[in-house]
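Working notes, structure below.
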Amino acid sequence: MPNIIEITDFAATELDVYARLSETQLMHYYEPQTGLFIAESPKVIRRAMDAGFEPVSMLLERKHIDTQAKDILVRCGEIPVFTADSPVITQLTGYTMARGALCAMKRKPLPAVEAVCNGAKRIAVLENIMNSTNIGAIFRSAAALNMDAVLLTPACSDPLYRRAVRVSMGTVFQVPWTYIGANSADWPQKGIAQLRQLGFRTVAMALCEDTIRIDDPRLAQTEQLAIVLGTEGDGLADATIADCDYTVKIPMAHGVDSLNVAAAGAVAFWELGNLKRG
């Protein structure tokens, strides 16, 4: 049976994870063990649970107890489920929840790059992308357009930040991912060398003149391809472009010089991904 608890005291320490702790504090909540993250909306919570993530507590609008979240509560067992009407929860959290549900969940240890890439034919590599909305959108495209995995350089934003998880619609739990390297010194030279050892040819998505077409037959015929996307604004580092096997620029019309990195990723995943190959 769910343990439904009416919110009466905003200062209750059990509510810290929803009201007062930053994303970084949640990440280190059980240090040195893995920490927590927040899943938002019933659909996202279900996808996280389907992927084996363990719920710790929930914050739920009262109206969803017997409706949208009913099946989730059955799966959650006896964890605390804090509830109130929407205005009270908004006052507690400082924002309006998407679909009226938050769930604090335990993180899992990150897998090794080799494990994530095992059997993969098409992967996305994200270089220093800091915007959580872009991270979430890229994961959603990666899932929809059949990327086998996503790798992130150490400077990237965490895919389990609340906004990234929400924007991804929970696909961060469906696409295997991990970080490539432990610090900035591990990318690009060491990281790209590791990808080559794993059998991948690398494609730098960049606004350069010396490029090949995105529909070049050589790319489609390559067995294992890593599509490398760069940070917002500056794009990929020169050293990354130089180290990659191919450089590709998406053709533009009407004088548009570039796409948002999430949009560019979607185009690249469609053209170079497994859906086109299959």
Side-chain angles (χ1 to χ4, degrees), residues 113 116-117 119-131 133-153 155-156 159 167-168 171-172 174-177 180 187-189 191-278:
V113 170
V116 167
C117 293
K121 301 300 182 183
R122 293 292 186 269
I123 66 172
V125 182
L126 313 186
E127 179 182 272
N128 303 344
I129 297 176
M130 294 299 297
N131 185 288
T133 298
N134 284 335
I135 292 285
I138 291 169
F139 266 87
R140 190 172 181 181
S141 294
L145 301 174
N146 215 22
M147 290 291 106
D148 297 313
V150 175
L151 300 179
L152 304 97
T153 64
C156 280
V167 172
S168 82
T171 55
V172 293
Q174 298 176 316
V175 180
W177 65 271
I180 182 165
W187 181 267
Q189 189 173 31
I192 291 177
Q194 183 178 16
L195 290 173
R196 287 203 179 102
Q197 289 173 354
L198 293 171
F200 288 92
R201 302 279 281 177
T202 50
V203 176
M205 301 299 301
L207 299 174
C208 300
E209 293 305 318
D210 185 17
T211 62
I212 65 172
R213 291 175 57 92
I214 196 169
D215 60 353
D216 189 296
R218 288 173 292 177
L219 301 177
Q221 293 163 8
T222 300
E223 183 69 15
Q224 292 177 264
L225 210 58
I227 303 164
V228 188
L229 300 166
T231 186
E232 303 88 345
D234 293 334
L236 290 173
D238 291 341
T240 302
I241 297 170
D243 280 354
C244 282
D245 297 301
Y246 304 104
T247 304
V248 168
K249 180 171 66 174
I250 298 171
M252 303 285 173
H254 300 294
V256 177
D257 61 354
S258 66
L259 295 173
N260 165 275
V261 64
V267 173
F269 300 162
W270 165 249
E271 183 60 41
L272 303 175
N274 287 331
L275 288 178
K276 294 286 283 188
R277 295 172 68 247

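Here the CG-CG distance, from Leu229 to Leu152, works out to 10.5 Å after rounding to the nearest 0.5 Å. Interatomic distance, Thr153 OG1 to Ile129 CD1, rounded to the nearest 0.5 Å: 8.0 Å. Interatomic distance, CD1 of Ile250 versus CG of Leu259, reported as 5.5 Å (0.5 Å rounding). Going from atom CD1 of Ile123 over to atom OG1 of Thr202 covers 9.5 Å, rounded to the nearest 0.5 Å. Atom CZ of Arg201 sits about 4.0 Å away from atom OH of Tyr246, to the nearest 0.5 Å.
In terms of modelled atom types and a separation under 3.5 Å, the side chain of Glu127 and the main chain of Ala237 share a donor-acceptor contact. With hydrogens and angles disregarded, no donor-acceptor distance shorter than 3.5 Å links the side chain of Arg213 to the backbone of Lys249. No donor-acceptor pair under 3.5 Å is formed between the side chain of Arg122 and the backbone N or O of Asn146. Checked by atom type and distance alone, the side chain of Thr231 pairs as donor or acceptor with a backbone atom of Asn128 at under 3.5 Å.
Under the rule for a side chain to side chain contact (heavy atoms under 4.5 Å, CB included), the partners of Thr171 that lie at least two apart in sequence or sit in another chain are Arg47, Phe139, Arg140, Ala143, Ser168, Gln174. Taking the side chain to side chain contact (heavy atoms under 4.5 Å, CB included) definition, one finds that Ala268 meets it with Met205, Ile214, Ile227, sequence neighbours left out. Listed by chain and number, the residues in a side chain to side chain contact (heavy atoms under 4.5 Å, CB included) with Ala142 are Met147, Val150, Phe269 (sequence neighbours excluded).
The shortest non-hydrogen separation linking Ile138 to Ala262 is CG1-CA, 3.8 Å. Among all heavy-atom pairs drawn from Val167 and Ala137, the shortest one is CG1-N, 3.6 Å. Scanning both residues, Leu236 and Ala204, for their nearest heavy atoms gives CD1-CB, 3.6 Å. Shown here for Ala149 and Val116, the closest heavy-atom pair between the two residues is CB-CG1, 3.3 Å. Across all non-hydrogen atoms, the minimal contact from Val172 to Pro159 is CG1-O, 3.7 Å. Looking at every heavy atom in both residues, Ile180 comes nearest to Val113 through CA-CG2, 3.9 Å.
With Val248 as the partner, the side-chain contact (heavy atoms from CB on, under 4.5 Å) test is satisfied by one option alone out of Asp215, Thr211, Leu219, Asp216: Leu219.
No side-chain heavy atom of Phe200 sits less than 4.5 Å from a side-chain heavy atom of Thr222. Side-chain contact between Asn131 and Val261 is absent, with no heavy atoms from C-beta onward closer than 4.5 Å. Counting heavy atoms from C-beta outward, Asn134 and Asn260 have side chains that approach closer than 4.5 Å. Within the 4.5 Å cutoff, the side chain of Leu151 has heavy atoms near those of the Leu195 side chain.
Within 6.0 Å of atom CD in Gln189, 12 or fewer heavy atoms from other residues, nucleotides or ligands are found, so the atom counts as exposed in its surroundings.
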